[in-house]
Amino acid sequence: PPMRRWPLDPRDYKRYGRQLIMPEIGLQGTFLNASVLVVGIGGLGCPAAAYLVGAGVGTVGLVDGDVVEESNLHRQILHSTGRVGMSKVESAMVALTSLNPNVKFVPHPSRLASDTAIATFQPYDLVLDCTDTPATRYLVSDTCVLLGKPLVSASALQSDGQLMVLNNPPSPQGDNAGGPCYRCVFPKPPPPESVVSCGDGGILGPVVGVMGVLQALEAIKLLTKVAPEPSRMTPAPADPPSLLIFSAYANPMFRSIRLRTRKPKCAACSVQASITAEALTSGSLDYVQFCGSVSPVDAL
Amino acid sequence: PPMRRWPLDPRDYKRYGRQLIMPEIGLQGTFLNASVLVVGIGGLGCPAAAYLVGAGVGTVGLVDGDVVEESNLHRQILHSTGRVGMSKVESAMVALTSLNPNVKFVPHPSRLASDTAIATFQPYDLVLDCTDTPATRYLVSDTCVLLGKPLVSASALQSDGQLMVLNNPPSPQGDNAGGPCYRCVFPKPPPPESVVSCGDGGILGPVVGVMGVLQALEAIKLLTKVAPEPSRMTPAPADPPSLLIFSAYANPMFRSIRLRTRKPKCAACSVQASITAEALTSGSLDYVQFCGSVSPVDAL
Amino acid sequence: MGEKQDIKFTVEFLGGLDMLFRSSKEELSMPTKDELSGERLVLSHLIQALADDGNRIRKPGTDRKLFVQEDNTVRPGILVLINETDWELEGEEKYEIQDGDHIIFVSTLHGG
Amino acid sequence: MGEKQDIKFTVEFLGGLDMLFRSSKEELSMPTKDELSGERLVLSHLIQALADDGNRIRKPGTDRKLFVQEDNTVRPGILVLINETDWELEGEEKYEIQDGDHIIFVSTLHGG
Ligand SMILES: [Zn+2]
Ligand SMILES: [Zn+2]
């Protein structure tokens, strides 16, 4: 379990004063006792981690198996020209430690794998999906459902972005009071030839940046879970499931879509779930095969 | 005038490849010939500057007279614990240079003043208002109107944010084809006792972060000004004036509001304008007095 | 003149104005015609009602001057939005409120 | 059966689907009843029309498989939204299109 610290020392009041005086946050003191796992330290994970660390989330885990490349830097603002070639997790920790040395960082400098996902996710209060392939997105969601963790999922490509808070509330499999999971919304993976990566399709830095910062915001809202009005200081019920759609060149740029609830036959979160912790840990679920693959020439 | 470089060298293709392959951006090559002034390097200016510099805007000017304080760090992600006490402009340049050493930075480490505003703004293609008081906001807008520069204006407080692209297109005073200015929308300053600063009212880091990243995005849209559809490669007309309202705890979080056009009697941008370059430069316009002031105890 | 039905509409307070009111969003119901003047319900009637607080949706002890000026017009720095449109494009305080309208009062922000 | 009027509605393509169509937003007009079946216009008719492209709003040379499957249902990874609501809450392909509806086809994104 992550380090627990209480009460605040005077430096914390100084550093976090501007958020402590807000009615929505004040009650909770700070986020020193909270822990958040950021999976993917790229275009989404960089700004998301920056604002979580700035806000003083006590423990932040960072998962990524890649190294920093020069082509990342236009949007992955925690990395730097001098750290090209360094692992993204290590590079991010340099920047994040300099922003806020009071946060405990847990490095996971390897690609998320199905046999270790449960052990990796277990210690955290909630998870941010900042990854970039369908296979990993199903794995992240399934793991969150099995462990009962809310999931803040975002994605971006070219001038578009999407954001969902999934498995919120994170009720057990089969409990209809729980929020939908990634499989409820996308029961079948997209055909591989329709999947375009940021490498192939391009991406505007601020587009993925906005989505990443919004992930940090949704995480903070989940960590506080207090109604906006100062007069109502009891925990608020979870927001109804919704999808935020962003499109930089559309008018309006943002749309909020009311989303389905849990699917009665969902493979992950229903009573009929076929996804189990044992199947995941034993490696018998092949996410890469489930999503298929395509050679880059055939892609859209 | 800012440094001009053309054509791209191979390293630029590497660094900016992910945005170059986008149809909206590709035509323009990159932003190496563009210049943007960021006024205020706080909660808005930090993320805005990070994404402009990441995108490779050729020249970025930074205006701020403050020094970094520990209470800034939860939201002002370019600064760091080790640079508390350093000027914000200098601190930001350390972080930004490490992200992209190819950008030319122009430091203006002092508070924007009415007698120097025109000279400061003159060399730039467009301006971002990332400041924090009504008086400075009127000064920034008036200067942009007088010089014919589009203005990307944002603000944030507690869990709310607002964004407008003003003076777009930046037609001369009295030309109704031009977009509205700050005075068209807010002809009279708010009563001082209704003005709450982030210091007094508090602010959630990701809220001001989202608004700052969106400022960088609007700046990039202005610098490209090409229609979203690849089939329409001619410059698009300016978007109709609008106000983006963000409210972290509302549903939906984002609203786009259709805004008024230029006001026929605007003191800054109409034929009847009383704001002139001479008045500004001579210091005869007292923005602080115009907006009034109030002791902190009386504030809302 | 026998017309007595009410108009139902939503009023929302943003940008810190929610601090002045009971909640950030209210479903209101007001008579189609103003009782005193017999005029059709327009925005200036709503603003006056919110200032006088006959509906008791302002928080106790809040200062009406943070919402309206002496002459019962909204104070500078508050934008009024009718169905996602600036009220300047809709006739301002003379706008006749319609059933189902969504009216937002939003205070401009200055922080950064 | 003499009913001949058309239904007007907006279709929008987001998340990269705009690459398949002439523009990202189209005002469409379709007969209230399907010509062949005589059925009231529902979403499956619209999807089939977009796939067959009788309206010529798909870009020339684009592959219908990036929009629909063999059986003319939308491919996995595309969400259909009716007036800002997931179509699962509105009856999916059996939803009867109404005059003025706003229908969005959005492809899920995976990049980060
Ligand atoms: Zn599910
Ligand atoms: Zn004006």
Side-chain angles (χ1 to χ4, degrees), chain B residues 39-45 129-137 153-162 180 182 184-191 193-203 207-208 211-212 241-243 245-247 249-251 255-261 263 291 300, chain C residues 10-21 23-27 43 50-51 58-95 101-112:
Chain B
V39 187
I41 314 299
L44 294 165
D129 186 345
C130 304
T131 66
D132 58 1
T133 61
T136 317
R137 290 183 178 274
S153 180
S155 57
L157 183 69
Q158 298 186 337
S159 55
D160 289 345
Q162 294 169 1
Y182 193 76
C184 293
V185 184
F186 301 111
K188 281 198 253 176
E193 64 273 18
S194 76
V195 175
V196 186
S197 72
C198 291
D200 293 331
I203 177 74
V207 169
V208 66
M211 303 318 292
S242 72
L243 164 69
I245 298 184
F246 177 72
S247 201
Y249 290 93
N251 189 1
R255 266 69 88 84
S256 284
I257 304 297
R258 199 161 57 93
L259 216 55
R260 63 195 68 177
T261 52
K263 251 185 142 57
C291 291
L300 175 68
Chain C
T10 311
V11 182
E12 204 168 357
F13 305 100
L14 295 174
L17 287 181
D18 50 316
M19 308 278 277
L20 295 181
F21 292 89
S23 81
S24 58
K25 202 170 187 173
E26 291 282 344
E27 308 285 335
L43 260 178
L50 292 171
R58 268 229 324 280
K59 273 195 203 130
T62 52
D63 187 353
R64 59 180 278 145
K65 275 187 292 185
L66 291 173
F67 182 62
V68 289
Q69 305 183 91
E70 301 265 307
D71 61 357
N72 276 333
T73 58
V74 285
R75 69 155 170 86
I78 291 180
L79 289 178
V80 187
L81 311 169
I82 302 164
N83 301 324
E84 268 72 62
T85 300
D86 188 347
W87 76 335
E88 277 235 344
L89 302 168
E90 303 285 346
E92 300 188 84
E93 54 261 297
K94 295 196 182 68
Y95 172 82
D101 272 354
H102 179 210
I103 295 161
I104 300 178
F105 294 91
V106 57
S107 174
T108 178
L109 309 171
H110 310 94

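Computed over heavy atoms, backbone and side chain alike; hydrogens, waters and symmetry mates excluded. The sequence lines fix the lettering, A, B, ..., with proteins before strands; numbering per chain opens at 1.
- The main-chain N or O of C:Gly15 is found under 3.5 Å from a side-chain atom of B:Asp160 such that the two form a donor-acceptor pair.
- When heavy atoms are compared at a cutoff of 4.5 Å, B:Pro189 approaches chain C solely by way of its backbone atoms N, CA, C and O.
- Only the side chain of B:Ser247 comes within contact range of chain C, judged by heavy atoms closer than 4.5 Å.
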**Message:** Determine whether C:Thr108 and B:Tyr182 satisfy the following criterion, side-chain contact (heavy atoms from CB on, under 4.5 Å), listing intermediate values before the conclusion.
**Reply:** CA-CA 11 Å; C:Thr108 178; B:Tyr182 193 76; 4.1 Å; yes
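- Counting heavy-atom pairs under 4.5 Å between each of B:Pro134, B:Ser197, B:Gly212 and chain C puts B:Pro134 at the top.
- Using a 4.5 Å cut-off between heavy atoms, C:Thr62 makes no contact with chain B at all.
- Heavy atoms closer than 4.5 Å to chain C are found in both the backbone and the side chain of B:Arg260.
- Side-chain atoms of B:Glu193 and C:Leu66, non-hydrogen and from C-beta on, do get closer than 4.5 Å to each other.
- Only the backbone of B:Ser256 comes within contact range of chain C, judged by heavy atoms closer than 4.5 Å.
- A side-chain donor-acceptor contact under 3.5 Å links B:Gln162 to the backbone of C:Leu109.
- In this structure, the portions of B:Leu157 lying under 4.5 Å from any heavy atom of chain C include both its backbone and its side chain.
- Of the two parts of C:Leu81, only the side chain, counted from C-beta on, holds a non-hydrogen atom closer than 4.5 Å to a non-hydrogen atom of chain B.
- Under the ring pair (Phe, Tyr, Trp, His ring centres under 6.0 Å) criterion, C:Tyr95 pairs with no residue, sequence neighbours left out.
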